[in-house]
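What follows is a set of notes on a single structure, which appears directly below.
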Amino acid sequence: AFYFKEKRFDQFSGYLRGLLTHWQEYYDFIIENQNRDVFMEVDVERQLIMIHIYKSCRFISEFLGIKWNVVDLSELYEKDKEEWKDKFVDLHEISLDRVLAELQPVFIETIEKAKILVAEKQHDYWIATDWLLFTMCSNMNTDYLKNK
């Protein structure tokens with residue numbers, strides 16, 4: 001575990017910065033793309049956003065020791081194809097809803113733990129290496145995640 005963390009710390013920092021910089025937009029995406037018309041197709045742009053949030057969250061959560069209980073993306077797409085038997089549609093809203101519902105609590109935990117890591121647990125490191133990220137995390141109000 002320590003080897004993984006050390007070897008991939010630069011990658012972790014990049015994912016962390018991206019996720020924390022856009023956390024409100026990503027959370028809004030997660031909330032706003034649930035409970036839509038199950039029969040509709042998910043457009044390519046929203047699929048790409050979901051995949052980006054998913055992969056960022058997965059990497060950071062593994063790094064922070066957060067349990068990952070979210071469906072595998074390849075399984076999600078395969079199941080959608082099996083259920084709908086539609087060769088022209090990659091993903092339907094019901095499948096997007098499923099992955100986002102599973103991702104939401106992990107996303108919240110990831111954001112909260114990442115904020116604590118940067119602003120409290122490793123504050124000396126982040127002050128020295130990424131002052132802006134440290135400042136942002138120190139001032140973050142994650143109550144937004146609970147009130148939406």
Side-chain angles (χ1 to χ4, degrees), residues 1-38 40-81 89-148:
F2 289 116
Y3 174 76
F4 169 76
K5 285 184 177 184
E6 186 176 330
K7 179 113 173 120
R8 301 184 79 190
F9 193 79
D10 286 342
Q11 192 175 6
F12 168 74
S13 295
Y15 275 122
L16 185 69
R17 180 180 253 271
L19 195 67
L20 289 173
T21 300
H22 300 286
W23 69 275
Q24 288 176 313
E25 296 162 58
Y26 292 164
Y27 189 67
D28 288 344
F29 177 88
I30 290 169
I31 296 299
E32 292 166 7
N33 284 279
Q34 290 184 58
N35 303 312
R36 296 170 60 116
D37 186 348
V38 297
M40 297 297 294
E41 174 182 7
V42 178
D43 61 73
V44 172
E45 181 182 342
R46 288 189 304 127
Q47 287 184 60
L48 289 171
I49 294 168
M50 178 270 295
I51 291 168
H52 174 72
I53 296 169
Y54 179 101
K55 288 184 175 182
S56 298
C57 241
R58 183 166 192 171
F59 189 91
I60 294 168
S61 68
E62 287 174 2
F63 205 91
L64 296 176
I66 297 169
K67 188 172 183 176
W68 187 258
N69 292 326
V70 184
V71 64
D72 185 73
L73 286 181
S74 60
E75 179 185 316
L76 179 78
Y77 278 89
E78 285 173 24
K79 189 171 182 180
D80 190 275
K81 287 286 185 204
V89 175
D90 291 323
L91 197 68
H92 291 83
E93 291 289 346
I94 194 166
S95 298
L96 180 64
D97 186 84
R98 175 182 173 208
V99 71
L100 293 178
E102 291 177 9
L103 184 60
Q104 185 177 346
V106 177
F107 178 86
I108 292 169
E109 185 178 359
T110 301
I111 294 300
E112 289 176 339
K113 284 190 174 182
K115 172 191 168 190
I116 291 167
L117 178 78
V118 173
E120 297 172 23
K121 291 184 176 179
Q122 295 180 352
H123 67 278
D124 290 337
Y125 171 80
W126 292 102
I127 287 170
T129 60
D130 198 337
W131 169 254
L132 294 174
L133 186 63
F134 167 77
T135 302
M136 186 188 79
C137 287
S138 297
N139 297 314
M140 266 174 75
N141 182 359
T142 55
D143 290 343
Y144 180 81
L145 296 170
K146 297 170 189 102
N147 297 329
K148 197 111 177 161

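Residue indices begin at 1 and follow the sequence shown. Owing to the predicted nature of the structure, the values given are computational and were not obtained by experimental measurement.
Relative ring orientation between W131 and F134 is described as tilted, the plane-to-plane angle lying within the 30° to 60° band.
Looking at D130 and R17, a side-chain N of the basic residue comes within less than 4.0 Å of a carboxylate O on the acidic one, giving a salt bridge. Here E93 pairs with R46 in a salt bridge; the nearest charged N to carboxylate O distance falls below 4.0 Å. Taking a cutoff of 4.0 Å between a charged side-chain nitrogen and a carboxylate oxygen, K79 and D72 do not qualify as a salt bridge.
Proximity of a side-chain donor or acceptor of S56 to a complementary backbone N or O of H52 within less than 3.5 Å is detected. In this structure a side-chain-to-backbone donor-acceptor pair under 3.5 Å is missing from K115 to S138. With hydrogens and angles ignored, the 3.5 Å screen pairs no side-chain donor or acceptor of D80 with any backbone N or O of S95. Under a 3.5 Å cut-off, the side chain of K113 and the backbone N or O of I108 do not form any donor-acceptor pair. Judged by distance alone, with hydrogens and angles left aside, the side-chain atoms of S61 form a donor-acceptor pair with the main-chain N or O of R58 at under 3.5 Å.
At a cut-off of 3.5 Å, with distance as the only test, a side-chain donor of Y77 or Q47 sits close to an acceptor on the other residue.
Taking 4.5 Å as the limit, every side-chain heavy atom of H123 sits out of range of all side-chain heavy atoms of V118. In this structure the side chain of I111 reaches within 4.5 angstrom of the side chain of L19, judged on heavy atoms. By the 4.5 Å heavy-atom criterion applied to side chains, L117 and F63 are not counted as neighbours. Under the 4.5 Å side-chain criterion, counting only non-hydrogen atoms from C-beta, F29 is in contact with L100.
Heavy atoms only, all atoms of each residue included: Y27 and Q104 are closest at OH-NE2, 3.2 Å.
In this structure, W68 has its ring center closer than 6.0 angstrom to the ring center of Y54.
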